Amino acid sequence: MEDTHPAANDGASAVTTEAKPLQIKSWADVADEPDPEQEQEQAGPSDEKSDVQLDSLSIDESKRVDNNLTDPDDSSIKSVTSGDTLYTSAKSFEDLNLSSDLLSGLYNEMRFERPSKIQAISLPMILKPPYANLIAQAHNGSGKTTCFVLGMLSRVDPNQKAPQALCICPTRELAIQNLEVLLRMGKYTKITSELAIPADSANYIPIHKRPPVTAQVIIGTPGTINKWVLAKKLGMSQMKILVFDEADHMLAESGFQDDSVKIMKAIVRCNSNCQVLLFSATFDDAVRTFVSKIVKDLFVRDNNELYVKKEDLSLESVKQYKVQCPDELSKITVIKDKILEIGEKVGQTIIFVRTRNSASMLRQALVNLGYEVTIIQGALKQEDRDRIIREFKDGLTQVLISTDVLARGFDQSQVNLVVNFDLPVKYDKPSEPDYEVYLHRVGRAGRFGRKGAVFNLLCDDRDNMIMDKIEKNFNAQIAQLGSWNSNEDFVDALKKAGLL
DNA sequence: AAAAAAG
């Protein structure tokens with residue numbers, strides 16, 4: 001609690017440098033892993049004599065070494081820390097006092113060389129006593145998963161055979177994916193883990209017939225976790241760290257909110273020292289205030305918070321386009337002639353649709369035209385969902401039609417193209433865009449700074465109005481594709497996106 | 001009318 005890092009203590013508080021570097025981002029296609037050349041800046045919180053104060057962690061972009069590599073634009077993270085703990089951003093993973101088993105996992109298994117910006121800033125906050133609660137926003141594909149997986153793995157006491165870390169995700173796909181990351185990163189540790197998601201029919205065991213959970217890390221979806229907690233099969237007394245992935249969604253969206261709050265209350269009841277981490281690429285202003293208050297009130301202490309301005313949130317490496325389609329049929333033609341024929345060459349594609357029905361409709365239309373494509377949506381059988389995701393991740397399928405099940409968090413580096421067959425709109429107000437979902441969909445392309453392209457298929461005034469609002473909201477450049485049925489325009493667009 | 005969950 002009283003530790004200080006002399007190097008970071010320059011007494012300059014509440015300074016947030018806004019200098020934006022030139023937007024020259026070309027590292028995306030260079031290599032799979034971040035290049036080590038990049039300098040992380042020191043965080044400089046304030047006066048160590050003060051007892052309690054709000055510090056602003058300054059990140060001086062002007063001192064950033066100019067090279068052809070940046071993180072996926074976490075340049076503008078703003079930080080507010082509570083309490084008197086000073087944090088120094090981590091230049092390397094060695095700075096974090098991790099066990100050698102974990103370092104091996106990071107270097108040998110994950111092939112990481114050094115922390116990304118969000119990792120450099122958030123990991124010290126997560127790992128340093130008094131283990132403050134943290135709300136952290138960072139760009140899509142900037143390595144948030146590593147932050148909380150590493151957090152969970154390092155906070156677990158390997159000798160204690162009881163649940164100590166819990167991670168809650170909005171979809172079973174994301175829970176599975178996060179567990180896979182945990183298994184890889186923790187490969188050299190003896191830490192045990194278990195998935196808490198609805199079982200497929202072959203593996204179903206009624207809850208009362210299950211033994212109590214002994215795994216040290218649990219990753220799952222809210223309904224199943226809650227069920228286990230209520231049945232007293234998942235004990236909360238030893239819980240050291242609770243993570244919400246896609247936290248804005250989990251805590252603000254009705255349907256998720258109830259379960260999420262119930263789980264938090266179950267933890268607080270027996271263990272109010274549990275550290276809470278909330279991660280997402282999006283925290284809409286209202287949601288941000290709201291979730292901050294929920295966690296503050298429930299755990300009766302202040303949070304550390306990291307935020308990015310919404311104008312700085314769209315990915316520079318992903319080029320976005322508007323495609324004006326004269327009618328619904330031409331949207332299908334665009335998928336067939338442009339995406340399936342030309343887009344196929346530049347990597348994998350996810351086509352987002354609004355409803356389960358339009359997913360099936362679009363698939364059927366393409367099948368009728370002689371194209372075999374797969375769809376994923378929440379009403380499919382668990383085993384089908386798993387198979388379809390596995391086939392896509394293994395590269396056996398090139399194009400996947402999806403509802404918003406995959407909008408958030410789905411990580412497949414080969415996805416270079418995202419198509420919004422339908423624009424994302426608010427569930428209760430279809431005339432309003434869902435900005436957060438839009439940003440998350442875009443973020444399925446351009447993982448870890450790679451190049452990508454997004455094609456928004458627009459076919460009436462309403463579509464265009466929604467698109468305009470999205471453009472304004474993020475202050476993003478969305479180029480107009482010349483003509484919906486011109487191969488040259490499409491190829492040109494892919495070239496401009498750096499994909500051809 | 002997306003997401004989770006239900007046995």
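Throughout, protein chains are lettered first and strands after them, A, B, ... in sequence-line order, and every chain is numbered starting at 1. What you see is a predicted model; the values in this text were computed from it and never measured.
- Between A:Arg408 and B:dA2, a side-chain N or O to OP1/OP2 separation shorter than 4.0 Å is absent.
- Both A:Pro206 and A:Phe256 lie near DNA chain B, and the one whose nearest nucleotide falls closer to the 5' end is A:Phe256.
- Residue contacts shown for A:Gly255 include a base, since a base heavy atom lies under 4.0 Å away.
- Residue A:Ala199 is in base contact, counting any heavy-atom pair closer than 4.0 Å across all strands shown.
- Checked by distance alone, A:Glu253 brings no side-chain donor or acceptor within 3.5 Å of a matching partner on the base of B:dA4.
- Protein atom CD of A:Gln377 is 16 Å distant from nucleotide atom C1' of B:dA5, rounded to whole Å.
- Residue A:Arg385 has a polar side-chain atom (N or O) positioned under 4.0 Å from OP1 or OP2 of B:dA4.
- In this structure, A:Thr403 reaches the B:dA3 phosphate: one of its side-chain N or O atoms is under 4.0 Å from OP1 or OP2.
- A:Asp200 places its CG atom 13 Å from the C1' atom of B:dG7, with the value rounded to the nearest Å.
- Considering CG of A:Leu400 and CD of A:Gln398, their distance stands at 11.0 Å, rounded to 0.5 Å.
- Between A:Phe490 and A:Phe455, a ring centre-to-centre spacing shorter than 6.0 Å is recorded.
- Under the rule for a salt bridge (Lys or Arg N to Asp or Glu O under 4.0 Å), the partners of A:Asp411 that lie at least two apart in sequence or sit in another chain are A:Arg447.
- Heavy-atom distances under 4.0 Å link DNA chain B to A:Thr221, A:Gly223, A:Thr224, A:Lys227 of residues 207-232 of chain A, given in residue order.
- Separation of atoms CD1 (A:Ile118) and CD (A:Gln137) is listed at 9.0 Å; rounding is to 0.5 Å.
- Of the charged side-chain nitrogens involved, none lies within less than 4.0 Å of a carboxylate oxygen, so that A:Glu436 and A:Arg408 do not count as a salt-bridged pair.
- For residues 347-360 of chain A, the set of pairs meeting the side chain to side chain donor-acceptor pair (under 3.5 Å) definition, not counting sequence neighbours, comprises A:Gln348-A:Gln412, A:Thr355-A:Ser358.
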